[in-house]
Structure formats: structure tokens, C-alpha cells
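Below is one structure, written out as C-alpha cells; comments come after it.
Protein chains get the first letters and strands the later ones, always in sequence-line order, with residue 1 at the start of each. Since we're looking at a predicted model, the values are computed, not measured. What you see below is based on every heavy atom in this structure, not just the backbone, and it leaves out hydrogens, waters and symmetry mates.
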Amino acid sequence: MTPLAHTARQLPVWALRDPLCAAWRQQNRLVVIAPTGSGKTTQVCQMLFEDGRAGGKQIIVLQPRRVATRSVAARVAAERGVQLGGEVGYLIRFDDRASPETRILFMTEGVLLRRLQDEPDLGSVGAILFDEFHERNLFSDVALGLAKQLQASRRPDLLLMVMSATLDAEPIAKYLSGCPILRSEGRSFPVEIRHLDAPDHRPPQEVAADEVERILVSGKPGDILVFMPGVWEIQQTLNAIRSIRSREPLTLLPLYGELPPEDQDRVFQSSSHRKVIVATNVAETSVTIDGVRFVVDSGVARINRYDPALGISALRIEPISHASADQRAGRAGRTAPGECRRLWTFVNHKDRPKTNTPEIHRTDLASVVLLLRSLGVKDIVNFDLPDRMDPAAAQAALEMLERLGALDGATGGVTDIGRRMIRLPVHPRYARMLVEASNRGCVRTVALWAALVSGRDMMVRSREESAKEMLELFQTNDNSDFFTLVRAFNWAKQHGFSLDACRRAGVHALTAANVEDTYEQLLDLCEKSGIRGEDARFSDDDLLKCVIAGFADHLARRVDKGTLDCVVAGGRSGTLMRESVVQKSDLLVAAEIRQIVTRDKKELTLLGLASEVKLEWLRELLPGQLTEKVEHLYDRTQRRVACVRLLRYRDLILDHSHQNCTHPKEAAAALAREFLDDEIELPHWNHELEQWLARAALVAKHFPELELPAFDDAAKLECLSRALSGTLLYKEAKERPLLPAFRDYLTAVQRDFVNDLAPQAVTLANDKRFKLIYASDGPPAITVKLHEIFGVKEHPRLCDGKVAVLIHLAAPDGKRLASTQDLAGFWKADYPQLKRNALTKYKGVAWL
DNA sequence: GAGCACTGC
């Protein structure tokens, strides 16, 4: 045993060795809960190896990050005193340090998913350890789902072990059919956590600076780590801390993912002053800084969520979960007892989610759905995962894959195109573009485009003058933003991806260098998938047509010349990013659609990575998805109906041309709709017409056997269209009589019944006639002066006696005295009392 | 009118 290994055996997780060995001899599924510092990542795999449970087969340890995968593998190799790449190895993208001898193999989650495609039974694997499973990355969830299925079918000997740092192990143990849970101690120092006593409504940057000042004043030693949601907030916080009146000199350090590596490294270097590091979430999981004794936590993070219904992702600042807050707090206790100050109240804390939203619930599922289909999973929604896919999100992914031609709409099977796409480690949209590129002989260029967008943003927003000048140099075309990226990349490559040169040009050097690797790998994989061909005779148009193949559903049309506003297919709208070069074309596709929240809290949908589209390309490429239709639209400014031939992709109007009207009734329907939507007035829609509608409705209600039509919106539209047929102009439409069209909607017999059963006036027993008022809700009514009907006992009825008229009884001066639907009863019960009052008030009448 | 963090054959 090496001295390193000897030391490692002191790690807390070694207390679990006997229970672990006992458990995995009886079980093929285990959950291990072990917090930071327990040694689970480096030790459990070695216990398993030494115990021989994997039967000489590989033990795979899944890791979420490449950097950690490398260092952990190196650590285990050192403990065992072996060369990395022998008994202990690792496998990550672009870096393979494994050999046939490797028995303990660390790999990133995506690598395992790809391996499952080549080796569905994982015959050479004896155990899979899912490390950091609590992070709930999409790939680890899917990998566990597939491994569970494999174990339940063809590989019952395969050992699955889920290792997690969160204490809430029950759900995952339940998912693994109630398998045993083993718990280990961590090895870290206690952290005292305090919340705010009362909410502080100032920006967290200011509250955090106050808190830093309080720590400085307290005189307690130790570095301070402040969590902020983004780069802008980090700069604000640093400025606020600079203005603290403190005699203590400080080393102020920002830390975020896009920061160049040499700047990131400064947080690890020792400093003669106390370090105050203001960081994004990168410091929560990816970067660990020793020496931190104080954590100041804003309690918020920017979280990306994908809306499958809209196909748009949105980056928003959200309150973090308990799990996330605990992880942040733990950063204060790595080397000594620490303190964590949370900038939210305990009451607020109780309102927060316990855990982070698993990635499967907040991301585009197209890639994994295609992967699952290719592995024979038919029922995607019910595929047994730790968290099932949201049905709407799975459906949206299936539809996208069908539109791309990767899945057969009828059978759901993977098509030839889909099979060629599967092995490419890019989003299916870009994989589809590459398939198209192979038909057009431009694979190399499109592969570079795909590589350029597969990492983080290569162009950094820079306020430096040189970067702005360079950007203009890169933007020498006006038909695709991809060309700008390519020029920037080529420039960075010519300068050897040098940090200085790239910084001057506003290019993220490390990202650009990664693009090179991704590009080479993509080309290699394209070759293996039969996607090949670059014959130098392709044109820019060919490249842009490839973009349409991947992003047709992101087709957009500029609303006007004055703004960058666009309507996007699928009932969406957005604004073209102002740095886009595609500002002359009316039609474009955007490879990126993102919602952002501005500083003044407004939502904005931005269209980025745009490419020009020409109408004739759409006719060529999407003939089946274009519809051409003559439509009649009411023009509110001209106050007339325009007859327009509209060309659409789905709902998006691509082109229109005015023409002579050949469908008078359709044109009239446009006017009718405008009226029914209350946008215009028609004077002939009057009391008489409304009375007639009410009469017809009353008869329809009491005599269903007459089969009178209901005058619903559709019927009204039909009648109005008939009445207005032949005119396009509002000024003519408003003169048109309307009632005849409604009458003629009934048969002659039906009309006679309406006139008989619901007449306009009713004659009482004393031969006096009274005009009826029909209401839409309630009985028809007449208003009668009381003295006009003295002696009339018989109550008037309509509809063959089924409906009693409502009689409003009025005084000689018209003042309403009473209402009744039973005259005989009225005379008997109410009249005597009424008469006494009336006698005194209306002396000119002979009250009987 | 504008920017979290990871990650894959």
C-alpha cells in the first residue's frame, strides 16, 4: 500500500466498507449518501475493486465534469501506485487515458451514453457508480434509466451504485426498487448559518457589501466568498466593496466561468491580504477554493429554462434551492469552522424549493429523445427515469425530430436521416444541417459552424475599442452571423489562440481553442456516419440552405424597416439582435431564440445567430410546408376589405400580393367578422333586428320540433356575409339592410311560425293592441296603462299558450306600478291595495 | 434594448 493509500484509509467512507461489501454481495443496486470530504469518489471504487464484486470487469465511475474526472483518476492511480491509463484510467471528450487493462475507469456522463450505443449490453462493465448524482444532470438521469433497464433485462449481474451528497435519498432508493441506503460521515468543519432578521429590499450587491464590511469589522480572519447571479452583479458588488471604509487592505477577485483561466487561477494563489472573491455558481460546484471561512450568499442564481411549447429558452434570476444554499454554505467549512450569511430571511427560506430542478425538466429534450428512440425505446413519456419527462416537453421533442426528418411521423422509427444524425455530438438541428451539407458538398464548413456554437459563447462582450474594431472586421458580409464567427475563429487560430491577441479581438481564447478540437472530432464522426463531401464548388447559398434544414421552424420576418422587430413562425415574435449582420433581408432564420430580462425588468425575446433566407429557397426546400391562400382582410385605415394572396410557412406570412376580389362573400365575411369583433358599427344592426333574433330564439326554445337554427356566431357571420356580399367598402356596408338576410336564413314555414307564435304585438281581450318587447333572457313584455285594461281578466299568452306575457302596469302618467304574469290573480290579490293609493294620487281617472 | 453554470461519440 502506498503512503497515499494509507492516508486515504482514514477517510470517513472507509467506515462503510464492511456494510458496503455485505450489501453488494446480495444486491445489484445501492445508494450511498456521503457528503463532501467523505472520500466516496476516490475510495468506494477501490473497495469494490479489491472486493472483486465486479468480477474482473470494469468499474465505471461517472463524473459530471471533465476537469474533476482527470484529477480524481490521477489521485486514485497515485494512491494505488500505478500509471494512469493502466489499472486506473479516465475517458473524457478529447482525452482517452484508458487501456484494455483499465479496471477503474472514470468517465464523464455523456461518454457513457455514447458507449451504450456501441455496446448496448456493456458486456465489459461490471459496475457503474453514479457520482454526484444529486446534481441531476440530464445525461446522468438518462444513463441511470438505461442502466436500470439493462440490468433488469440482460445484465442482472451489473452493479449500479448511486452516490449522492444530499441527505434526501429516499426518492432515488425508491426508484431503484427500494434498494439499501448506506450513509457515511463527511469530513468538513461546522459552518454557522445565519439568515436576515427582516427582508432587505436593496439590491443584493449592496447588502452583500455591508455584510463583507461587518465581517471585516469583526476582525475574524479568513477569506470571504460572495455568491452573485452574474458578471454584472459581480462588478457592482466589487465596486460597493471598494467603497467600504476599512483600513484592512483586500485582494478583490471576480470569479466566473467566462473569465480567462489565468484570471481564474488568481483565486487559488496565496495573497498577503485577505481575499474577497465574488463569484457566480461556478464556485458552487466546479471550483473549490480552500481558505474560505466566510460565505455571503445572495440567494439567487441565473437559471436557464427551456419552454418546449415556445421552443425558447429563458435565462432568469431565481431564488436558489435549499440544496444549493447548503452547498454554497459548505464552501466556508473546508479548512476550518466557518460562517455563512444568507441574504434572505428564514421565512423566505421555507418558501424555497428543497432541491434544484432536475435538468430533464428545464432543457430541450430532442437529443436524448433521439438517443432513446435509437436504442429502441418506443414509449418515451413512460420510459422509467428517476424523473419522467414532462409529456409536453417529450412531445415537443418528438415533433421537432419529425420536422427534421429524423423520426418517421407514422411509425416513430428512426429514419435514414436520423440514423446518420445519431452519432454526432451536436444538437439534432446541427446534425440535420450536417446531413444536408453532405448533399451539398459543404460538410467541412457546416461542421465548423456546429463546432462554433457547441461550447460557450466564443465572442465576449468587450468594451475595449480594439475589440469593437475587430468585430467590424469580422462582420464583412450581410447574409449570416455564422460567417462572422468563422472569421473571428480563423483570426484566433492564425494567432495561435494566444490569450493576448484573442482578448484584443474580443474572442474567448480557450473557447476558440476548444472549437478546433470539436471541429476535428465532428469531421471524424461525420466521416464514420457517412456524412462526407466538400467539393469546393458550393456557394454561400448552399450553406444558408443547410441552416434552413435545421432551423426552418425558426423562420422570421421583419415587421418593418425601421425596427429590428420580427414575427417568428409558431405565433412568436422577437427582436433581431443589433449586432447581427443580417439587417437587410426581410426573411431570416435565427439559430438562437432567447428570452432575457432587462435591467428594468422587461421581458425581451432576442433572435440571434441569424441567416438570410430567400423566398425561392423556401419554395425549393419546404414545398410541402408552404401554403398559398387568397384571404380577405379588413384594412382599418383604408376602411375597406383587401383581397390578398398570402404565402405562409405554418402561420408565418412570407409574402403577400393584392389582387382583384373574386369571392364577394368571403370579402363580406371579413366585414362581418370586423363587426362581430366590435371593430366597426353597422347601423342596420338595430332594435328591429335584435327583436327579430329574440323572437326566433323564443320560438326555437319552446318548439324544438321546428328545428329553427340557433343564431350563434357562425350563423350571424353567415347571415351578415350574405347581407354584405358584393361590397368591399365600409361606407357601402353600413348602408346595407341586414334583417332580410336573417329572415331568409329560415324557411318560409319557419318564418310563418315565428310570426304566429312570437308576434310583434299582442291583442288583449278588450281588442286593444300592445307592442311586445322581446328580451334575450326572460319573457316578452308589454307596458300597459292600468286604466286601459280594466276588466281584462284573461292573461295574454304567446307560443300557443306556453309563454305568459310579462305585463308592466303603469299609472296614467307612465309611472310603473306593478308587473304581473297573471292578470286574474293581480285583480284579486294586488289591485285593491294599489287602488287605494292610486285613488288619492290620480284623481282624474275613474278607478273601477 | 442585452448576458448563469456545466457538458457529449
Derivation of the salt bridge (Lys or Arg N to Asp or Glu O under 4.0 Å) call for A:Arg65 and A:Glu135 = CA-CA 11 Å; A:Arg65 278 167 289 281; A:Glu135 290 190 18; 2.6 Å; yes

Of the nucleotides B:dG1, B:dG8, B:dC6, which has the atom closest to the A:Arg65 side chain?
-> B:dC6

Answer yes when A:Arg316 and A:Glu318 have at least one side-chain N-carboxylate O distance shorter than 4.0 Å, and no when they do not.
-> no

Which one, B:dG1, B:dC6, B:dC4, comes nearest to the side chain of A:Arg302?
-> B:dC4

A:Phe106 and A:Ile92, any side-chain heavy atoms less than 4.5 Å apart = no

Which part of the nucleic acid does A:Arg93 contact within heavy-atom distance under 4.0 Å: base, sugar-phosphate only, or nothing?
-> base

Atom CG of A:Asp118 to atom C1' of B:dG8: distance rounded to whole Å?
-> 13 Å

To the nearest Å, give me how far apart OH (A:Tyr306) and P (B:dC6) are.
-> 23 Å

A:Thr363 and A:Arg305: side-chain donor and acceptor closer than 3.5 Å?
-> no

Atom-pair distance (CG on A:Leu370; P on B:dG8), nearest Å | 19 Å

Contact class for A:Thr518 (heavy atom, under 4.0 Å): base, sugar-phosphate, or nothing?
-> nothing

Rounded to the nearest Å, what distance is computed from the NE2 atom of residue A:His134 to the C1' atom of nucleotide B:dC6?
-> 13 Å

With a 4.0 Å cut-off on heavy atoms, is A:Glu109 in touch with a base, just the backbone sugar-phosphate, or nothing at all?
-> nothing

Just call it for A:Arg594: base, sugar-phosphate, or nothing, with non-hydrogen atoms closer than 4.0 Å on any strand.
-> base

A:Thr108 side-chain N/O to B:dG8 phosphate OP1/OP2 under 4.0 Å | yes

Nearest-angstrom distance from the residue atom CD of A:Gln327 to C1' of B:dC4 = 16 Å

Identify whether any heavy atom of A:Glu579 sits under 4.0 Å from a base atom; if not, whether one sits that close to sugar-phosphate; answer base, sugar-phosphate or nothing.
-> base

For A:Ser454, report the nucleic acid contact type (base, sugar-phosphate, nothing); a contact means any heavy atom under 4.0 Å.
-> base

Sugar-phosphate only, base, or nothing, as touched by A:Ile317 at under 4.0 Å among non-hydrogen atoms = nothing

A:Arg558 (side chain) donor-acceptor with A:Gln583 (main chain) under 3.5 angstrom | yes

Answer with base, sugar-phosphate or nothing: what part of the nucleic acid does A:Leu315 contact at a heavy-atom distance below 4.0 Å?
-> base

Select one nucleotide: of B:dG1, B:dC6, B:dC4, the one nearest the side-chain heavy atoms of A:Val282.
-> B:dC6

Contact class for A:Arg316 vs. all strands (heavy atom < 4.0 Å): base, sugar-phosphate, or nothing?
-> nothing

Distance in angstrom units between A:Ile596 CD1 and B:dG3 C1', rounded = 8 Å

Using a cut-off of 4.0 Å on non-hydrogen atoms, how would the nucleic acid contact of A:Ile422 be classed: base, sugar-phosphate, or nothing?
-> base

Looking at every strand, decide which applies to A:Asp457 at a 4.0 Å heavy-atom threshold: base, sugar-phosphate, or nothing.
-> base

Which sits closer to the 5' end of DNA chain B, A:Gln117 or A:Leu606, going by the nucleotide each is nearest to?
-> A:Leu606

Counting just side-chain N and O atoms, does A:Thr575 come under 4.0 Å of either OP1 or OP2 of B:dG1?
-> no

With a 4.0 Å cut-off, would you call A:Arg328 and A:Asp297 a salt bridge?
-> yes

Using a cut-off of 4.0 Å on non-hydrogen atoms, how would the nucleic acid contact of A:Phe139 be classed: base, sugar-phosphate, or nothing?
-> base

Euclidean distance, atom CE of residue A:Met421 to atom C1' of B:dG8 [Å, nearest integer] = 15 Å

Position toward the 5' end of DNA chain B (nearest nucleotide), A:Arg362 or A:Ser367 | A:Arg362

Look at all strands and tell whether A:Leu525 reaches a base, only sugar-phosphate, or nothing, counting heavy atoms closer than 4.0 Å.
-> base

What is the distance from CG of A:Asn281 to P of B:dT7, rounded to the nearest Å?
-> 13 Å

May I ask you to say what A:Leu576 touches in the nucleic acid, namely base, sugar-phosphate or nothing, with a heavy-atom cut-off under 4.0 Å?
-> base

Would you mind telling me which of B:dC4, B:dG1, B:dG8 lies closest to the side-chain atoms of A:Asn304?
-> B:dC4

Residues A:Lys561 and A:Asp586 bridged, charged N to O under 4.0 Å | yes

Report yes if at least one side-chain N or O of A:Arg456 is closer than 4.0 Å to OP1 or OP2 of B:dC6; otherwise report no.
-> yes

